[in-house]
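The structure under discussion appears below in the form of structure tokens.
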Amino acid sequence: MKDTIAQYFKRVFDDYKVLVKVNQEDFTGTELIIHPDGKVEKTDLDFDEEIFEDLAEDEFTPCSPLEFNLHLKGLS
């Protein structure tokens with residue numbers, strides 16, 4: 001079984017945060033929207049080859065896998 005390497009990004013807006021996980025090999029991923037009340041919305045997504053340029057243009061910055069997974073598991 002081959003491990004997939006993912007990259008993680010985030011952007012903080014006025015009252016919520018968006019974290020994105022992108023699997024580099026097949027351009028699939030997950031988006032988490034973290035609301036001020038702690039509610040987490042999870043969406044599985046399919047990206048295109050330009051996702052990294054799109055994230056940079058939208059002012060997303062790299063973040064740690066730990067931060068993403070803590071929110072995903074509801075532990076933050």
Side-chain angles (χ1 to χ4, degrees):
M1 179 198 258
K2 189 175 183 180
D3 290 332
T4 302
I5 298 173
Q7 289 186 323
Y8 299 84
F9 301 89
K10 75 175 174 181
R11 180 167 176 200
V12 178
F13 294 88
D14 290 334
D15 59 348
Y16 64 97
K17 185 183 334 184
V18 177
L19 288 92
V20 178
K21 173 185 173 182
V22 180
N23 295 321
Q24 299 179 85
E25 292 184 8
D26 62 4
F27 298 106
T28 60
T30 304
E31 175 186 73
L32 302 179
I33 300 174
I34 317 302
H35 295 274
D37 63 1
K39 179 183 174 198
V40 177
E41 288 182 55
K42 176 187 168 198
T43 307
D44 292 323
L45 301 169
D46 292 315
F47 303 110
D48 62 24
E49 296 81 18
E50 297 175 0
I51 183 58
F52 298 110
E53 292 85 5
D54 294 343
L55 289 167
E57 185 175 316
D58 291 339
E59 300 179 354
F60 279 77
T61 58
C63 73
S64 77
L66 179 61
E67 179 179 7
F68 182 92
N69 284 295
L70 285 173
H71 284 291
L72 180 64
K73 302 291 183 187
L75 300 173
S76 61

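Because only heavy atoms are used, hydrogens play no part in the values below, and waters and symmetry mates are left out as well, while side chains stay in. Please read these numbers as outputs of a predicted model, since none were measured by experiment.
Clustering ILVMFWY residues whenever any of their side-chain heavy atoms sit less than 4.5 angstrom apart, transitively, puts L19 in a cluster other than the one holding F27. Linking Ile, Leu, Val, Met, Phe, Trp and Tyr whenever their side-chain heavy atoms come within less than 4.5 Å leaves V12 and F60 in two separate clusters. In the hydrophobic clustering of ILVMFWY residues, with side-chain heavy atoms under 4.5 Å counting as a link, I33 and L72 come out apart. Residues L32 and L75 do not share a hydrophobic cluster, defined by chaining ILVMFWY side chains whose heavy atoms lie under 4.5 Å apart.
Counting heavy atoms from C-beta outward, V22 and L55 have side chains that approach closer than 4.5 Å. Within the 4.5 Å cutoff, the side chain of D48 has heavy atoms near those of the D54 side chain. In this structure, K10 and T61 have side chains that are in contact, with non-hydrogen atoms separated by less than 4.5 Å.
Ring-plane geometry between F9 and F52 is classed as tilted, the angle between the planes lying from 30 to 60 degrees on a 0 to 90 degree scale.
Heavy-atom neighbours of E50 CD from other residues, nucleotides or ligands within 6.0 Å: at or below the threshold of 12.
Here the closest heavy-atom approach between residue Y16 and residue H35 is recorded as CB-CA, 4.3 Å. Of all the heavy atoms in H71 and V40, the pair that sits closest is O-CG2, 4.0 Å. Of all the heavy atoms in K21 and Y8, the pair that sits closest is CG-CE2, 3.5 Å. For C63 against E67, the heavy-atom pair with the smallest separation is CB-OE1, 3.7 Å.
Judged purely by distance below 3.5 Å, without hydrogens or angles, the side chains of D44 and T30 pair a donor atom with an acceptor atom.
Rounding to the nearest 0.5 Å gives a distance of 10.0 Å between CG of N23 and CD of Q7.
For the pair D37 (side chain) and K39 (backbone), a donor-acceptor distance under 3.5 Å is present.
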